[in-house]
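Here the structure is laid out as structure tokens; the discussion comes afterwards.
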Amino acid sequence: MTSNDSSMITPAGPAAEGNSPAEEAPTFDPKTARTAVVSGTFGTALEWFDFAVYGTLSATLFPALFFANVEADTAILASFATFGAGMAARPLGGVFFGALGDKIGRRNVLMFTLVMMGSASVLIGLLPTADLIGIWAPTLLVMLRFLQGFALGGEASGVQVLVTEHAPADKRGMYGGILAVGSPVAQTCASLTLTGLALFLSEEAFQSWGWRIPFLMGVLLLLVGVWIRRSIEETPAFRESQKQAKAKAAQEEPQEKALKVIVKRPGTVIKLICSWAASAGLFWICVTYAVNYLTSVLGYDNSITFSLLVIANVISIPAAVFGGRLSDVLGRKKVFFIGLLMQGIAAASMFPIMNSMNYPLSVAVIALALCGIQMTAAVQAPFFAEALPTRMRYTGSALGMTFAGLIFGAPIPFIAAWIFQHSENGTTALTAIGVGLVLISMIASAFLPERSKEALHDN
């Protein structure tokens, strides 16, 4: 580890370098911390509700609705490519909003990203299909996915930084776990919604207008999230950092802020990206391509597949809270490794188990993967935040998350579809990819600092 990477988080107060004896560490307000985690959870829920719905529909319905004029194999590849367009935009949004959040504060930026994200989701629900507007349908879909991904690039990391900086020092892991619950809860709600629509609507009605309902439901989460987020104060760590910042730092442009974390902490950023490789990749193997594989290859009914995801997501919810709280006791690295180990076991056994056509075991292996993912997700918020100083925390965390999603997550559905179309050993290849991602994450996270017991504010 370089000397740059080792000079991260230092306690503020009389003993901190550069602080006067009169300066004290930022104080934490329990009420504000609770409001922050509730607001962050709503933002996370809105994010993952849409992604779960879009991921599932891109594997099942969207090829016919938006790419009806091409062959079936090409249509599924094109549909997964639009899914990846949102992921491709996330690093850009992460850099832009992250740098802006490091300059003007977390709260103001997150209000804008929430509105932008929710609006794009609603517009997707109102979008005409290819049979009505032809090529404009997939074009507009890609544009909306790009705008949505751009907003999500700032939202996902921003709420993690906001919640972590508001949390008491000895409960940052627990707060991260509560925040991570928004993902499986939202995915459960999304799967229940799709299951209900598939059961109670005719196939014609579902393809005509039923698929729009989940996207339009996002407006409810948006309104509640905005109402809650209005009452959040700026974080103590950011206020302290602003006090210590001189005129030069205050006048830096967002692009200069983004460049600073890359130049000053390149090793840390690369390790953050690689540490999240497994969770980013295996998540989409489980909730996106597995859906396509279960329905199109193994012949499961859509309602059966959706119910499998519901059960697996419900089982994974306690893992997020447990993993976060456990990291406050054992440290971030140990719990992160436990989550990665669970993912590795699931990746190695997922397709052999699903090929056995044993429904309970198929639920169990996907639940194991999601439990491992949620455990790492709970630890990831404080783990990433603690690896970076306040003045570049938002940008650095966003770069770590969004580039991991772009490099290791977004291509997975497309790569998986291509492999199965051009190889007789598709499950073996995808299993090897999953296990390889776990190994990458284990190696990278081993070199990240363990700072669960140190203060977040710094010089």
Side-chain angles (χ1 to χ4, degrees), residues 52 55-64 71-77 79-80 83 184 187-188 190-191 194-195 198 277-316 319 339-374 408-441:
T56 301
L57 292 179
S58 68
T60 54
L61 188 60
F62 280 4
E71 296 180 356
D73 287 348
T74 305
I76 189 67
L77 291 175
S79 183
F80 283 148
F83 179 78
Q187 292 170 61
T188 300
S191 295
L194 291 173
T195 301
S279 299
L282 285 176
F283 176 81
W284 297 119
I285 290 176
C286 292
V287 305
T288 301
Y289 193 76
V291 172
N292 176 267
Y293 185 77
L294 289 168
T295 54
S296 64
V297 177
L298 299 183
Y300 279 90
D301 184 76
N302 278 339
S303 62
I304 299 292
T305 303
F306 294 157
S307 67
L308 182 150
L309 289 178
V310 169
I311 297 170
N313 273 302
V314 169
I315 293 172
S316 74
L340 288 175
L341 181 61
M342 294 167 66
Q343 293 179 46
I345 295 171
S349 58
M350 181 178 300
F351 284 101
I353 287 176
M354 288 196 300
N355 287 336
S356 72
M357 300 296 290
N358 187 311
Y359 182 81
L361 286 180
S362 297
V363 171
V365 73
I366 293 181
L368 178 64
L370 293 181
C371 283
I373 291 169
Q374 296 309 329
F408 301 109
I412 287 293
F414 185 91
I415 290 173
W418 187 90
I419 287 174
F420 276 89
Q421 289 176 15
H422 297 85
S423 172
E424 296 181 358
N425 298 309
T427 57
T428 302
L430 201 55
T431 297
I433 290 174
V435 173
L437 292 177
V438 172
L439 293 176
I440 291 173
S441 292

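Note that the structure is predicted; figures quoted are calculated from it, not measured.
Residues passing the side chain to side chain contact (heavy atoms under 4.5 Å, CB included) test with Ile419 are Ile415, Ser423, Ala429, Ile433, sequence neighbours excluded. For the side chain to side chain contact (heavy atoms under 4.5 Å, CB included) test, residues two or more places apart in sequence or in another chain that qualify with Ala367 are Ala312, Ile315. When the side chain to side chain contact (heavy atoms under 4.5 Å, CB included) test is applied to Ala277, the partners found at least two apart in sequence or on another chain are Phe408, Leu437, Ile440, Ser441. Judged as a side chain to side chain donor-acceptor pair (under 3.5 Å), and not counting sequence neighbours, the contacts of Asn355 are Tyr293. Shown here are the side chain to side chain donor-acceptor pair (under 3.5 Å) partners of Ser362, two or more places apart in sequence or in another chain: there are none. By the side chain to side chain contact (heavy atoms under 4.5 Å, CB included) test, Ser349 pairs with Ile353, Val365, sequence neighbours left out.
Residues Gly372 and Met342 come closest through the heavy atom pair N-CE, 3.7 Å.
Atom CD1 of Ile345 and atom CE of Met350 lie 12.0 Å apart (nearest 0.5 Å). One distance of note links CG of Leu368 with CG of Leu361; it measures 12.0 Å at 0.5 Å rounding. Atom-to-atom distance recorded for Cys371:SG and Asn313:CG is 9.5 Å, nearest 0.5 angstrom.
Looking only at side-chain heavy atoms (C-beta outward), Ile373 and Gln343 come within less than 4.5 Å of each other. Inter-residue side-chain proximity for Met354 and Thr427 is flagged as unmet; no heavy-atom pair is nearer than 4.5 Å. At a threshold of 4.5 Å between non-hydrogen side-chain atoms, the residues Ile366 and Leu370 count as touching.
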Ile304 vs Tyr359, side-chain contact (heavy atoms from CB on, under 4.5 Å): CA-CA, chis, key distance, verdict: CA-CA 9 Å; Ile304 299 292; Tyr359 182 81; 3.5 Å; yes
